Amino acid sequence: MELPKHYNPEESEEKYYKLWEKSGFFNPDVCKEKGAADPSKEVFSLVLPPPNVTGTLHMGHAAMLAIEDIIVRYARMQGRPTLWIPGTDHAAIATQSKVERQLYEQEQKTRHDLGREEFLKRVREFAQGSHDTIIHQIKKMGASLDWSRQAYTLDEQRSSATYAAFKRMYELGLIYRGNRIVNWCPRCSSTLADDEVEYKETNAVLYTFRYAKDVPIAISTTRPETKFGDTALAVHPEDKRYREYSGKVYTINLGAGDQEIRVIADESVDSEFGTGALGVTPAHSQIDAEIAQRHNLPSLQVINEKGEMTERTGPYAGLPVKEARKRFVAWLKEQGLLEREQQIPQNISVCYRCGTPIEPLPSLQWFIAVNKEFVLKHSQITGIASGSQTTLKELMRKVVAQKQITILPEQFEKTYFHWIDNLRDWCISRQIWFGHQIPVWYKNGEIFVGEKAPSPEWRRDPDTLDTWFSSGLWTFSTLGWPKDTDDLKTYHPTTLLETGYDILFFWVARMILLSGCLLGDIPFKTVYLHGLVRDEKGKKMSKSLGNVIDPLDMISKYGADATRLSLIVGVAPGSDSKLSENKVRGYKYFTNKLWNISRFVLMQTEDYDPKATPQLSREDEKILQEFRAMAQEVTRHIEGYRFYLAADSLYQYLWHTFADKVLEDSKPLLKDSATRAARQYVLVSILADSVKLLHPFTPFVTEAIYQNLPLAEKKETIMIEPWPVSI
RNA sequence: GGGCGUUUAGCUCAGUGGUUAGAGCGCUACAUUCACAUUGUAGAAGUCGCUGGUUCGAAUCCAGCAACGCCCACCA
């Protein structure tokens with residue numbers, strides 16, 4: 001059969017993805033049924049990190065899909081029962097803000113103008129649209145996901161898992177409600193978890209002033225307007241300058257009534273900074289709150305959830321913080337209290353979603369206690385016996401420290417431990433509407449935890465859960481938990497988690513926490529982290545820079561196979577990579593080269609008998625041996641997650657050995673009837689095994705070639721061909 | 001402030017103690033009715049960041065330094 005002169009990706013991609021879906025082999029149950037998977041072999045399971053339903057997929061998603069599909073197709077060709085679960089994430093804050101922005105741009109309305117129900121309807125519509133686009137894009141990449149098991153963090157089953165998880169952790173005493181300093185985003189009007197806060201370098205003014213003329217110690221601050229909430233003045237215990245004042249109490253008036261300021265000594269004060277004295281504002285600073293706790297100081301809230309001054313601040317009440325700062329500094333000057341104004345660089349904390357500066361506030365919120373002891377009933381965790389006491393932090397640390405979970409590349413284990421060691425309680429309540437509404441009900445000071453109210457008089461907590469709480473259940477909520485399903489027994493813990501290093505804390509660590517707590521087990525055995533896909537200059541791709549390369553664009557211009565290769569080759573695990581259209585084009589040339597290699601072989605083997613076993617020459621043997629050596633090397637690279645080297649070896653071999661040397665040398669031998677049959681055998685077998693080795697990387701072109709090969713026995717699809725070498 | 005990483009050809013990157021350091025892209029010259037011009041052949045191009053050490057031998061191991069990048073951290 002003769003192939004067309006140039007490979008046409010579009011045609012193959014359309015045709016073969018349909019064939020694969022129809023075959024059912026994406027589903028391990030079908031593979032077992034039809035004999036394509038060996039039930040006695042170790043299962044391979046992987047969850048797709050669910051993309052956010054905030055829009056469309058970018059090159060980072062494409063790279064993730066390429067890597068995971070390589071691993072999954074390889075496992076499947078090993079004959080292992082292989083499950084890759086697809087799904088999407090509702091991404092609470094991200095999605096809600098996106099719809100809010102649209103609503104404001106298009107209709108100048110806020111979510112409050114629509115009301116909770118109507119607004120949520122809009123968000124759901126938007127999410128559905130994004131979902132459909134995303135699924136289409138995933139399929140375009142050739143990802144071999146089991147669509148029969150598709151999940152969504154906010155669908156019925158995942159929601160009931162989320163509520164069940166909350167209830168169990170509440171009963172274990174690990175979820176509690178508390179009044180604590182939280183990271184408050186005034187724009188989102190919601191709390192944020194510690195790791196949802198980012199830092200931005202800015203220039204700030206450091207004001208040095210005295211509370212009053214008779215207070216002997218000046219303080220320095222960049223937030224003078226918070227000083228109405230000060231209840232102490234802290235100095236270092238060793239600081240000789242201030243030792244004599246320790247314990248004194250001053251009554252001051254900053255223009256909003258009397259305040260008592262006690263001079264205290266605390267180790268946490270840096271005597272080198274500013275005047276070496278710190279105004280303690282327990283209500284608006286985490287560190288001050290800790291000092292206040294140690295010294296039993298009262299806490300006065302002077303800024304509210306809207307970022308305005310509270311009633312307590314008298315003439316300043318109702319003013320936005322910036323305005324209050326301006327007026328208060330002017331007042332300090334008038335009073336002759338201001339000693340110095342100084343420009344300093346400062347890292348301010350901002351919301352990771354909208355960039356608005358964070359306002360630390362005391363607030364009544366739900367938390368997960370990471371240091372609290374609890375009894376782990378059934379434990380599969382090394383070093384923690386069933387029924388023994390542990391803490392979430394200990395559990396998270398142990399599974400990695402004892403190598404029950406391996407993180408690759410290894411350097412990220414250090415980052416992980418560093419994070420665990422600094423971990424504080426996780427604030428999981430959010431004051432937004434889109435998401436899982438907290439399953440807690442109130443009536444006359446009583447609390448009931450459950451998905452449904454015991455009777456109609458109970459009022460539900462209006463807040464929703466942090467999106468990472470539900471996605472943290474992903475490895476088991478997708479398998480049917482809290483029900484004890486066959487899927488859960490068969491596929492959990494999952495074999496591998498493959499994701500970007502940027503969500504190591506957000507997601508990976510949370511999955512370890514929640515799986516450990518709720519199942520007493522690890523969620524996955526290995527974590528493989530990939531880096532960011534940047535533009536050709538190494539800049540982050542972003543709409544505002546106009547340097548975004550769209551995966552669908554690349555696929556339609558150069559094909560999915562070329563796009564996949566361009567995201568794999570030259571990309572070291574865990575490090576960022578650079579992508580240019582030129583690189584994609586280069587791999588398009590390769591798919592075409594492969595196509596023409598096949599065209600040549602097929603043209604030379606029209607009279608080839610696949611059942612014959614011709615006598616091979618020494619040269620023939622040598623060529624086959626060289627191929628086998630390469631095939632083993634490729635296999636070892638895949639086993640070691642070195643996909644960049646595996647793909648490169650195949651590229652080198654096929655182009656510069658097989659095409660440039662073997663095929664060229666074969667031309668005379670094919671013309672000679674004495675050597676023709678043996679050479680045909682050599683070419684067909686190397687080509688057949690090569691497309692199998694390449695199939696995980698470039699599934700479409702290899703399927704197209706496979707379907708045309710003159711083989712004695714052929715499967716329905718190359719996808720279920722056994723891997724041609726073992727190591 | 002703490003931690004992590006990177007530094008090899010113009011560009012992107014391989015190469016974890018052993019002969020003259022490799023690939024892709026780019027560049028130069030030549031070829032071409034041949035499976036493929038989305039091609040082939042040949043070629044130019046590197047004091048392997050710097051300094052010192054270990055060794056018969058170092059891009060590779062060790063120490064120090066430098067530049068760049070990233071992560072964590074509420075010097076208020």
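Predicted, not measured: the structure shown is a model, and the values here were computed from it. Labels below follow one simple rule: chain letters A, B, ... track the order of the sequence lines, proteins then strands, and each chain is numbered from 1.
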Dot-bracket for RNA chain B, please, read 5' to 3', with Watson-Crick or G-U wobble pairs under 3.5 Å on both distances, ( ) within the strand, [ ] crossing, | other strand, . unpaired. ((((((((.[[[[.)..(...]]]].(((((.......))))).....[[[[[..)....]]]]])))))))....
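- Of the candidate nucleotides C75(B), U38(B), A35(B), U38(B) has the atom lying nearest to any side-chain atom of Asn592(A).
- Per the geometry, CG belonging to Asp195(A) stands 17 Å off C1' belonging to C70(B), to the nearest Å.
- If you check G5(B), U12(B), G24(B) against the side chain of Lys578(A), the one that comes closest is U12(B).
- Residue Ser349(A) is classed as having no contact, given no heavy-atom separation below 4.0 Å to the nucleic acid.
- Between Lys593(A) and G40(B), a side-chain N or O to OP1/OP2 separation shorter than 4.0 Å is present.
- Distance Tyr653(A) OH to G22(B) C1': 20 Å, rounded to the nearest Å.
- Counting only N and O atoms by type, the side chains of Tyr501(A) and Asp576(A) include a donor and acceptor under 3.5 Å apart.
- The stacking criteria are not both satisfied for His418(A) over the base of C72(B), which would need a centre-to-centre distance under 5.5 angstrom and an angle between ring planes under 30 degrees.
- Side-chain contact of Thr281(A) with Asp230(A): a donor-acceptor pair under 3.5 Å is present, judged by distance alone.
- Geometrically, Arg180(A) engages Phe367(A) in a cation-pi contact, judged by NZ or CZ lying under 6.0 Å from the ring centre and within 45° of the ring axis.
- For G24(B), the OP1/OP2 oxygens have a side-chain nitrogen or oxygen of His656(A) closer than 4.0 Å.
- Going from atom OH of Tyr589(A) over to atom P of A23(B) covers 21 Å, rounded to whole Å.
- Because its NZ or CZ atom is both nearer than 6.0 Å to the ring centre of Phe600(A) and within 45° of the ring axis, Lys667(A) counts as a cation-pi partner of that residue.
- Of the candidates G15(B), U38(B), C34(B), G15(B) carries the atom nearest the Tyr644(A) side chain, counting heavy atoms from C-beta on.
- With rounding to whole Å, Trp595(A) atom CH2 is found 13 Å from C36(B) atom C1'.
- Considering only the side chain of Asn596(A), C36(B) comes nearest among C36(B), A73(B), G24(B).
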Test ring-ring contact (aromatic ring centres under 6.0 Å, His included) on Phe643(A) and Phe697(A) and set out the steps. CA-CA 9 Å; Phe643(A) 310 113; Phe697(A) 301 89; 7.1 Å; no
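- Here the side chain of Ser556(A) pairs a donor or acceptor atom with the backbone of Asp553(A) at under 3.5 angstrom.
- Residue Asn582(A) contributes atom CG, which lies 18 Å from atom P of G10(B) at whole-angstrom precision.
- Ile568(A) has its CD1 atom 23 Å from the P atom of A23(B), to the nearest Å.
- At whole-Å resolution of the value, NZ in Lys227(A) and C1' in A76(B) are 7 Å apart.
- Between Gln346(A) and A76(B), a side-chain N or O to OP1/OP2 separation shorter than 4.0 Å is present.
- Remark: P of G26(B) and NZ of Lys583(A) are 14 Å apart, rounded to the nearest angstrom.
- Listed for the Tyr416(A) side chain is a donor-acceptor partner under 3.5 Å among the backbone atoms of Met396(A).
- With hydrogens and angles ignored, no donor-acceptor pair closer than 3.5 Å exists between the side chain of Gln652(A) and the base of A14(B).
- Each of G15(B), G40(B), C75(B) was ranked by its minimum atom distance to the side chain of Leu645(A); first place goes to G15(B).
- Residue Tyr199(A) has its side chain nearest to A73(B) when only A76(B), C36(B), A73(B) are considered.
- Comparing A35(B), A76(B), C71(B) by their nearest atom to the side chain of Thr415(A) picks out C71(B).
- Note on Trp655(A): every side-chain N or O is 4.0 Å or more away from OP1 and OP2 of U39(B).
- Summarising the geometry of Glu225(A) relative to Met309(A), their closest heavy-atom pair is O-CE, 3.3 Å, with the distance given to 0.1 Å.
- Tyr651(A) comes within 4.0 angstrom of sugar-phosphate atoms only, judged by non-hydrogen atoms across all strands, and of no base.
- Closest to the side chain of Ile597(A), from the set A35(B), C72(B), U12(B), is A35(B).
- Using cut-offs of 30° and 60° on the angle between ring planes, the pair Trp331(A) and Phe328(A) is parallel.
- In the set A76(B), C36(B), C4(B), the nucleotide with an atom closest to the side chain of His6(A) is C36(B).
- With distances taken from any side-chain atom of Lys588(A) to the nucleotides C13(B), A76(B), U38(B), the minimum falls on U38(B).
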